[in-house]
Protein chains: 2
Amino acid sequence: MKFEAVDVRQTASAADIVYETLRKAIISGELAEGAALRQDQIARMFNTSRIPVREALTRLEQHGLATSQRYRGTIVAGLSIVEIEEIFEFRALIEAEVMRLAVPDLDEVTLETARRHCLEFDRETDPGRWSDINRRFHYTLYEASHRPYYLQTVGAALDRIDRYLRAQLTFTNGLMRAGREHEAILAACIAGDAERASRLTRDHVLDAGRSLVAFLREHRGA
Amino acid sequence: MKFEAVDVRQTASAADIVYETLRKAIISGELAEGAALRQDQIARMFNTSRIPVREALTRLEQHGLATSQRYRGTIVAGLSIVEIEEIFEFRALIEAEVMRLAVPDLDEVTLETARRHCLEFDRETDPGRWSDINRRFHYTLYEASHRPYYLQTVGAALDRIDRYLRAQLTFTNGLMRAGREHEAILAACIAGDAERASRLTRDHVLDAGRSLVAFLREHRGA
DNA sequence: GATAGAAAAATAGGATCCAATATACAATCA
DNA sequence: TGATTGTATATTGGATCCTATTTTTCTATC
């Protein structure tokens, strides 16, 4: 009889589950910005006491996904257009650098995986999934840079703007430019041209940012 | 009888105080990496229950200053040399960009403040204070960039490596190069040469990183 | 003496209770 | 009617208690 060892240790605490669930709900936009996150209500939803809920809320706050005021409670954080612009600019800087560093270490398997995500992105019709596939495509390439700290900061930045991107993609039914840009980046990676891949990544992010900001100016005035 | 209104609202919760105190102790190196952060013990130290302590610990963990394992407790986080190298490289990238963006917006008052910090840095004899003054000098200039998100990530990065820098500065009784480099950066700022200020900042950070890594290789083997 | 297992102690996670504060609402007075 | 004050309610912050898990210690056995 052949068998494998299974790690039976419980790794997910109640706080972990509440945190992950709320995090996904916030970055997907399911929980609108400004929405109140009531400890009692959330605790009832998850069949727990308020203690693990409070831990989840402080984690969200530390990541900038929620803001709290003493004795007044916690709400889903929102970003101004200026803040969104800054985050895109930041992403462009980091992701361009990560892409440059990744190119020399890309292997066949990784490139093939990236190509699959690229096709998947083009084929996907559900706007709610574009964001995830997009992230997987880029991260597949980025990981070859072996810069976990950079990627962590990029991930945090992405978490903050994801909902606005999703809103835009859902409304405009997708910007087809992204697909072409992915192909161009992938081509530069295959060619081993780090500078070009980096520059294209930078432009790709800045383009997305400009497009999103234009969309938001239209749809929330100012 | 003349009197003024005083904002009597309590802004600092017990969790805030515990968090700030522990944070400072960790980044200063007062709490060594790997040291156990026992909820009970800390609660007694602050005359509170474990609840605010737990909140402080989760905040520390989210910022990478502590790591916790379920049912096993929380310890002060440490960084490998590779991780330290990555953080310096990251800082160099961000801080060079922030410096470039800041130069056009620097005014007389800001430059004068920076100059004061620069002198203060040279005059200070207590190695424990160099790190703080250094941070103030750079931040005075950086803030003119109006990039709060960038600065937040730089702050988080600095928090993680501060204790290693302090250890080095205390041991070697300071690297005098930093003082000259500060003056050169300041001169470029005064001259309004954004590119030069940016390049010097980048080199300044990378130099400090290389120097620190060399020191650490010496003092913890590997 | 070393080792395995059981009991005990230590410690973290979570539930429930109380206190502090904020908000909503009703009563009062001009 | 409109502003203001007092009161009730809702909600968060913190304390205490209980439970789950880990770690340590003790003991029996070889």
Go through it in stages, so that I can follow the logic: the residues are B:H204 and B:H182, the test is side chain to side chain donor-acceptor pair (under 3.5 Å), and I'd like the CA-CA distance, side-chain angles, deciding distance and then a yes or no. CA-CA 8 Å; B:H204 174 60; B:H182 286 171; 3.3 Å; yes
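No hydrogens or angles were tested; on distance alone, a donor-acceptor pair under 3.5 Å links the side chain of A:R54 to the base of D:dG14.
The distance between atom CD1 of A:I42 and atom P of D:dT11, rounded to the nearest whole Å, is 12 Å. If you measure from atom CG of A:D40 to atom P of D:dA10, you get 11 Å, rounded to the nearest angstrom. Rounded to whole angstrom, the span from the CD atom of A:E61 across to the C1' atom of D:dG13 amounts to 14 Å. In this structure, B:L57 atom CG and C:dA12 atom P are separated by 8 Å, rounded to whole Å. Note: CZ (B:R44) to P (C:dA12) measures 11 Å, nearest angstrom. Atom CD of A:Q69 and atom C1' of C:dT23 are 13 Å apart (whole Å). If you take CZ of B:R72 and P of C:dA9, they are 22 Å apart, rounded to a whole angstrom.
One finds no side-chain N or O of A:R70 lying less than 4.0 angstrom from the OP1 or OP2 phosphate oxygen of D:dT12. Distances shorter than 4.0 Å separate some side-chain N or O of B:Q39 from OP1 or OP2 on C:dG13.
Checking C:dA15, D:dT22, D:dT12 against every side-chain atom of A:R50, the shortest atom distance belongs to D:dT12. Comparing atom distances between the B:Y71 side chain and each of C:dT23, D:dA15, D:dA20 picks out D:dA20 as nearest. Comparing D:dT23, D:dT12, C:dT16 against the side chain of A:R38 picks out D:dT12 as the nearest. The side chain of B:S49 approaches D:dG14 more closely than any other nucleotide in the set C:dG14, D:dG14, C:dT21.
Between B:G73 and B:I51, it is B:G73 whose nearest contact on DNA chain C lies nearer the 5' terminus.
Of the possible polar contacts, one joining the B:T21 side chain to the B:I17 backbone as a donor-acceptor pair under 3.5 Å is found.
Using a 4.0 Å heavy-atom distance criterion, A:S68 is classed as making no nucleic acid contact.
Between A:D162 and A:R166 there is a salt bridge, since at least one side-chain N of the basic residue sits less than 4.0 Å from a carboxylate O of the acidic one.
Checked options B:K24, B:H63, B:E55; the residue passing with B:Y19 is B:H63 (criterion: side chain to side chain contact (heavy atoms under 4.5 Å, CB included)).
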